[in-house]
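Take a look at the structure set out below.
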Amino acid sequence: NSDVNGVVWDSALVAIYFLSRNTHLVKGKQILDLGSGTGAVSVVCGVLGGNVIATDLPDRLDLIRENTLLNREKIEGDVQIEGLDWNDGLGKGVSIDLLLVIDCVYYKASIEPLIKTMREVNANKILLAYEVRDLGETIEAQEMFMKRVEDAFILEEISKEQLDEFGCDEIKLCFLTPN
């Protein structure tokens with residue numbers, strides 16, 4: 001019983017590849033994963049030695065729990081699972097090493113709450129990953145989101161060359177720094 005959270009999207013696979021090639025971003029770090037979906041990226045960060053808080057809507061945590069449990073013996077760090085509705089925000093400032101925003105944009109209604117939540121986090125680095133969509137509401141949602149991101153953050157795109165065979169025009173990875 002899942003929506004967009006029940007799929008390991010291509011952008012998640014590319015983010016996993018990138019993080020596995022850049023373990024210094026993860027090992028021993030405090031990580032917050034917004035909209036964790038299947039939990040794949042959070043689990044891999046845990047396997048790589050990161051201490052992760054995987055978040056998604058409270059009614060969508062079962063799949064993250066199941067995937068974390070299936071991989072518990074491989075996890076060298078820690079993966080905690082928490083419900084988070086971006087409409088409610090974090091309610092407090094959170095300081096972490098790495099904020100993950102991996103393929104979180106599908107609906108226009110989620111843009112402002114997501115940006116607000118991202119701004120509530122005091123992160124040393126923010127990794128944004130998304131697939132350029134070409135269908136329906138997602139096109140408008142991505143355009144709105146990227147405009148808001150460009151207003152609120154400095155964007156540094158990770159080149160396709162840094163992604164080796166995983167680099168393509170449809171998948172974008174970027175580091176964000178608050179303005």
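All values reported here derive from a predicted model rather than from experimental measurement. In what follows, every heavy atom counts, from backbone to side chain, and hydrogens, waters and symmetry copies are set aside. The first residue of the sequence shown is numbered 1, and numbering continues consecutively from there.
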Using the salt bridge (charged side-chain N to carboxylate O under 4.0 Å, His left out) criterion, which residues pair with [X]? Sequence neighbours excluded.
X      : result
Arg72  : none
Glu112 : Arg148
Glu157 : Lys172

Check: Using a distance-only test with no angle check, is there a side-chain donor-acceptor pair under 3.5 angstrom linking Asn51 and Asp78?
Finding: no
Are [X] and [Y] packed together at the side-chain level, in the sense that at least one heavy-atom pair is separated by less than 4.5 angstrom?
X      : Y      : value
Asn71  : Val79  : no
Leu98  : Lys125 : yes
Tyr130 : Val101 : no
Leu128 : Met118 : no

Taking all non-hydrogen atoms of both residues into account, name the closest pair between [X] and [Y] and its distance.
X      : Y      : result
Gly46  : Val52  : N-CG2, 3.9 Å
Phe145 : Ile111 : CB-CD1, 3.6 Å
Ala141 : Tyr107 : CB-C, 3.8 Å
Ile31  : Gly50  : CD1-CA, 4.1 Å

Note to self: One pair to check against side chain to side chain contact (heavy atoms under 4.5 Å, CB included): Ile53 and Ile96. What are the steps and the verdict?
What the structure shows: CA-CA 10 Å; Ile53 300 171; Ile96 55 161; 5.9 Å; no
Next item on the list: Please name all residues satisfying side chain to side chain donor-acceptor pair (under 3.5 Å) with Arg65, sequence neighbours left out, ordered by chain then number.
Entry: Asp62
Item checked: Derivation of the side chain to side chain contact (heavy atoms under 4.5 Å, CB included) call for Ile154 and Asn179 -> CA-CA 6 Å; Ile154 298 165; Asn179 277 339; 3.1 Å; yes
Check: Excluding sequence neighbours, so at least two apart, what forms side-chain contact (heavy atoms from CB on, under 4.5 Å) with Leu13?
Finding: Val8, Asp10
Note to self: Counting neighbours of CD on Glu73 that are heavy atoms of other residues, nucleotides or ligands and sit closer than 6.0 Å, is the number greater than 12?
What the structure shows: no
Margin query: Between Glu120 and Lys116, does any NZ, NE, NH1 or NH2 come within less than 4.0 Å of an OD or OE carboxylate oxygen?
Written below: yes
Item checked: Residue pairs fulfilling side chain to side chain donor-acceptor pair (under 3.5 Å) with at least one residue in residues 11-25, sequence neighbours excluded -> Ser11-Asp103, Tyr17-Arg21, Tyr17-Asp164, Arg21-Asp164
Checklist line | Test item: Asp97 side-chain N/O and Gln30 main-chain N/O as donor-acceptor pair under 3.5 Å | finding: yes
